[in-house]
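Residue numbers begin at 1 in each chain, while the letters A, B, ... track the order of the sequences. Values below: all heavy atoms of this structure, side chains included; hydrogens, waters and symmetry mates excluded.
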Number of protein chains: 2
Amino acid sequence: MTELEQYIHSYFGVSKEEVSRISDCFHLETLEKGDYFLRTEKICNKLSFHKSGLIRVYALEDGKEITQWISSKGYFLTDLSGLIFNKPTRYNIQALSDCEIYTITKQDYQNIANVIPRWHELEKLFIARCFIFLEERIFALLSMTAEERYQLLFNQQPELFNQVPLQYLASMLGITPETLSRIRKKIGKT
Amino acid sequence: MTELEQYIHSYFGVSKEEVSRISDCFHLETLEKGDYFLRTEKICNKLSFHKSGLIRVYALEDGKEITQWISSKGYFLTDLSGLIFNKPTRYNIQALSDCEIYTITKQDYQNIANVIPRWHELEKLFIARCFIFLEERIFALLSMTAEERYQLLFNQQPELFNQVPLQYLASMLGITPETLSRIRKKIGKT
DNA sequence: TTCTTCTCTTGACAAATATCAAGAATTTAC
DNA sequence: GTAAATTCTTGATATTTGTCAAGAGAAGAA
């Protein structure tokens, strides 16, 4: 089984036969460092499973880049407002390093439900989990200091800190690079 | 049509016959001011459509109440982690005023898909919209000052400001009541 | 390598926001 | 209607975080 199949199997609890029917709809793509998966104002027309490398989701606001998320191996990648509602995105999604992703086109994506009757239900469960994840992120932003949010991110995704420019992680935490640098100095970086 | 039926009809684009089959699963409930819709550590076992009144979603963290959201007429109310994944919630959900809500039990909720074949798909669309909404909230928390977030909330839900204690709105914006008071003084409250 | 570019750190200072305390205003309870 | 409780505002001050600028360090290109 590919990583994609393993993921679908273990996360969705789908039978092996269904798994392979789903994964057949995906094809392996590569992104080179700097390539864009999606650019702002475009309508996202694909969904990908992140196999390797790092990808940054960011938006430009008042001349500043706001990093919303850094995707790494094991995440799904898309812009839901485009994929589901045909709306242009505010985000740029760009490879921070060479990447491999398994991609399904919007057409194939919309067709999966015909192949896998439970697809909408699985999707619902998946998006619900994403919703809860964002809810927790909001809670952290409302209730924690910059330092606490740093510790949380560091515990959850330590691998990011030696691969992603710290300025992007700072932005994702809602602070400036200088503040992140001082927090790390104070704490001792590990 | 009740408000619930109108909402389902206009939002989901479901036929009138399906609408009434869905809405039949809901029953009208009342909450008195101070009543809890859900308490922390419980597993949420219902989904409600908010018909009237105001309801606050908050969590206790380090002795402080963090208001995650204020629900008003037209929103759906539940804790997804309980309803879908049977996990206990971190939140308290409490009526700020006397409320009317249309409620469906978890059992009936889980049964809807048998009655309405498209239910999982509709749910997926609904939760996806909620996801995008949270994504925007995170973006606001990452990129805007307290004053800008206040203006945004004020534009989006002005009705909250003469009905909800400002301390709760402050918490929802990620600031203290004192800071909110000063922002309002500076701006001129309208 | 060597040069260039990008990234990170540090310091000095400014701005935003929090904290604490007190009193005013409003709402609730009887 | 009055008293009690809650909520809101304000001032003084502390803390956190941001801004700007400069230099150190690291990564990439030729």
So, using side chain to side chain donor-acceptor pair (under 3.5 Å) as the criterion, who are the partners of [X] when residues are at least two apart?
{"X": "A/Lys106", "result": "A/Asn86"}
{"X": "B/Glu121", "result": "none"}
{"X": "B/Asn162", "result": "none"}
{"X": "A/Ser171", "result": "none"}

Non-neighbouring partners of [X] that pass salt bridge (Lys or Arg N to Asp or Glu O under 4.0 Å), sequence neighbours left out:
{"X": "B/Glu136", "answer": "none"}
{"X": "A/Glu100", "answer": "A/Lys51"}
{"X": "B/Lys87", "answer": "none"}
{"X": "A/Lys64", "answer": "none"}

Rounded off to whole Å, could you give me the [atom1]-to-[atom2] distance for the [X] and [N] pair?
{"X": "A/Ile187", "N": "C/dT9", "atom1": "CD1", "atom2": "P", "value": "13 Å"}
{"X": "B/Lys186", "N": "C/dA15", "atom1": "NZ", "atom2": "C1'", "value": "11 Å"}
{"X": "B/Glu65", "N": "D/dT7", "atom1": "CD", "atom2": "C1'", "value": "13 Å"}
{"X": "A/Glu148", "N": "D/dT15", "atom1": "CD", "atom2": "P", "value": "17 Å"}
{"X": "A/Arg184", "N": "C/dC8", "atom1": "CZ", "atom2": "P", "value": "9 Å"}

Cation-aromatic face contact A/Arg56/A/Tyr58, 6.0 Å, 45 degrees: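 A/Arg56 over A/Tyr58 ring: yes.
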Cation over ring face, B/Arg129 and A/Phe85, 6.0 Å, 45°: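 No cation-pi geometry.
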Pairs involving residues 24-49 of chain B, ordered by first then second residue, that meet ring pair (Phe, Tyr, Trp, His ring centres under 6.0 Å) (sequence neighbours left out):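 Counting only pairs at least two positions apart or across chains, the ring pair (Phe, Tyr, Trp, His ring centres under 6.0 Å) contacts touching residues 24-49 of chain B are B/Tyr7-B/Phe49, B/Phe49-B/Phe76.
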Proximal nucleotide (of D/dT9, D/dT7, D/dG11) relative to the B/Tyr168 side chain: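 The nucleotide sitting nearest to the side chain is D/dT7.
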Using a cutoff of under 3.5 Å, can you pull out all pairs of nitrogen or oxygen atoms linking the protein to nucleotides 23-30 of chain D, with atom names and distances?
residue : atom : partner : partner atom : Å
D/dG28  : OP1  : A/Lys33 : NZ           : 3.3

Nucleic acid contacts of residues 157-166 of chain B, taken as heavy-atom distances under 4.0 Å to DNA chain D: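 By residue number: B/Pro165, B/Leu166.
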Tabulate atom names and distances for all N/O pairs under 3.5 angstrom spanning the protein and nucleotides 16-22 of chain C.
residue : atom : partner  : partner atom : Å
C/dT17  : OP1  : B/Ala146 : N            : 3.1
C/dA18  : OP2  : B/Thr176 : N            : 3.1
C/dA18  : OP2  : B/Thr176 : OG1          : 3.1
C/dA18  : OP2  : B/Thr179 : OG1          : 2.6
C/dT19  : O4   : B/Arg182 : NH1          : 3.3
C/dC20  : N4   : B/Glu178 : OE2          : 3.2

